[in-house]
Amino acid sequence: MSEKILLVLDADPPPRLGRLTGRTRILHTDAPSLAEHLPRADVLLVWDFTSRAVREAWPGEGPRPRWVHTASAGVDHLMCPELAASDTVVTNARGVFDQPIAEYVAALVLAWAKDLPRTATLQRAHEWRHRETQRVAGTRAVVVGSGPIGQAIAGTLKALGISAALVGRTERPGIHGPEDLDRLLTRADWVVAAAPLTRTTYGMFDAHRFGIMQPSARFINVGRGPLVVEDALVEALSRQWIAGAALDVFEREPLPPDDPLWDVPGLVVSPHMSGDTVGWRDELGTQFVELYELWEAGKPLPNVVDKKRGYVPGH
């Protein structure tokens, strides 16, 4: 059997591939050299999941890897028409980020409800100011995105006593369809975007959607940046159409230091870190090694992305 070549689109720190080291021929590349190395590879590991190099390099000449794995939940950064139309299997890192992101969302909800940011501000000012805070049990949440991340968010919020409605691509038992979204938004205290980026979800949170939310509602995006029309969100916050928002993902990443989003009142900005807990890179590496061994043995792979839809179906 000929030696398989695994090509890694690197990021710092590089992946730890454990028992594959010394057993499989591993080549490392950066974005500018990716097109040169693609024809030689049997498998491509997109470790640099912020890079769009795959979209740019894939349409070139020569053979292409039979399998592409991205160390991320989203696949929009690598999908191009040529890859979508090919026989190449694409998998993602589904399962690694679900509970960490759910905990991050719950932390934001509790911090807002219990007024923790103002407590920290008052402490720095040595100011004793008694306040009343909000009870989260009995409030309502809408989670847009019914995959494993959305389900983990809904389950964690329910554990806090929050009624959480899941909205997915199609209506099915326990999941609302898109036609229910506007109605649910008008009653929600917490709105969480956790959907993949597709043609139908691009810009779905716009002036209309922010306009129909309650003035007391708070919005969180842990999905993909382009789900949100950022100018519309800024207007909604400035006009107090909603009470607050938190963005962990953005149209442009990293967010430039002079971007006005940093200073929008009522907006929490975090640097795409909601799923990144201590040891997350090792989990991603371990997951890929397990998938590689399945692939090497000719067994079916989990986490196979529907390249036309842009996500792993079945949820």
Side-chain angles (χ1 to χ4, degrees), residues 97 99-143 152-153 156-164 185-194 205 207 209-225 227-280:
F97 302 106
Q99 193 56 37
I101 291 177
E103 293 172 4
Y104 198 87
V105 170
L108 285 167
V109 167
L110 288 171
W112 272 324
K114 303 308 174 184
D115 204 21
L116 296 185
R118 194 185 310 182
T119 295
T121 299
L122 292 172
Q123 180 178 349
R124 287 193 295 270
H126 297 190
E127 184 175 346
W128 180 281
R129 187 187 304 176
H130 181 269
R131 290 110 59 218
E132 295 177 346
T133 61
Q134 182 182 4
R135 185 195 297 255
V136 298
T139 60
R140 295 171 174 170
V142 174
V143 181
I153 292 169
T156 301
L157 294 181
K158 287 177 181 177
L160 296 174
I162 299 171
S163 172
L185 290 179
T186 63
R187 306 167 61 193
D189 301 289
W190 319 100
V191 178
V192 184
F205 288 98
R209 292 263 161 76
F210 292 124
I212 62 175
M213 293 180 193
Q214 298 186 99
S216 59
R218 291 183 171 94
F219 173 79
I220 301 168
N221 186 15
V222 289
R224 306 299 289 169
L227 297 177
V228 176
V229 179
E230 292 175 351
D231 288 345
L233 175 59
V234 171
E235 182 180 17
L237 290 168
S238 64
R239 293 178 179 271
Q240 298 184 334
W241 292 347
I242 60 175
L247 298 179
D248 187 54
V249 286
F250 301 85
E251 282 268 11
R252 292 189 298 166
E253 295 185 9
L255 195 66
D258 60 350
D259 194 293
L261 286 174
W262 289 105
D263 300 310
V264 175
L267 179 62
V268 177
V269 171
S270 58
H272 204 147
M273 57 179 283
S274 61
D276 301 346
T277 52
V278 175
W280 66 284

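For clarity, every value in this text was computed on a predicted model and none was experimentally measured.
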Shortest non-hydrogen contact between [X] and [Y], atoms and distance:
X: Q99; Y: A152; value: OE1-CB, 4.0 Å
X: T133; Y: A113; value: CB-O, 3.2 Å
X: A111; Y: P117; value: O-CD, 3.4 Å
X: A193; Y: L227; value: CB-CD1, 4.1 Å
X: P100; Y: G275; value: CB-O, 3.7 Å
X: W262; Y: P257; value: CD1-O, 3.6 Å

Restricting to side-chain contact (heavy atoms from CB on, under 4.5 Å), what partner residues turn up for [X], sequence neighbours left out?
X: V264; value: V234, L237, L261, L267
X: E251; value: Y202, P226, E230
X: E253; value: V249, F250, H272

Any heavy-atom pair between the side chains of [Y] and [X] that's under 4.5 Å?
X: I162; Y: W190; value: yes
X: L157; Y: T139; value: no
X: V222; Y: I153; value: yes
X: L110; Y: L160; value: yes
X: F219; Y: L247; value: yes

Any donor-acceptor N or O pair under 3.5 Å, side chains E127, T121: no
Test log, rule side chain to side chain contact (heavy atoms under 4.5 Å, CB included), inputs V105 and T156: CA-CA 9 Å; V105 170; T156 301; over 6 Å; no
Reported OG-to-CG distance for the pair S274 and L108, which is rounded to 0.5 angstrom: 9.0 Å
Salt bridge (charged side-chain N to carboxylate O under 4.0 Å, His left out) involving [X] - partner list, sequence neighbours excluded:
X: R224; value: D76
X: R124; value: none
X: R140; value: none

What salt bridge (Lys or Arg N to Asp or Glu O under 4.0 Å) pairs are there with at least one residue in [range], not counting sequence neighbours?
range: residues 255-277; result: R252-D259
range: residues 107-120; result: D115-R118, D115-R131
range: residues 236-250; result: E235-R239

Give the table of side-chain donor-acceptor pairs shorter than 3.5 Å for residues 210-217, with sequence neighbours excluded, one pair per line with atom names and distance.
unit_1: Q214; atom_1: NE2; unit_2: R187; atom_2: O; d: 3.3
unit_1: Q214; atom_1: NE2; unit_2: A188; atom_2: O; d: 2.9

Audit row: Y104, M273, side chain to side chain contact (heavy atoms under 4.5 Å, CB included) steps and yes/no: CA-CA 9 Å; Y104 198 87; M273 57 179 283; 4.0 Å; yes
Residues which pass side chain to side chain donor-acceptor pair (under 3.5 Å) with E132, listed by chain and number, not counting sequence neighbours: none
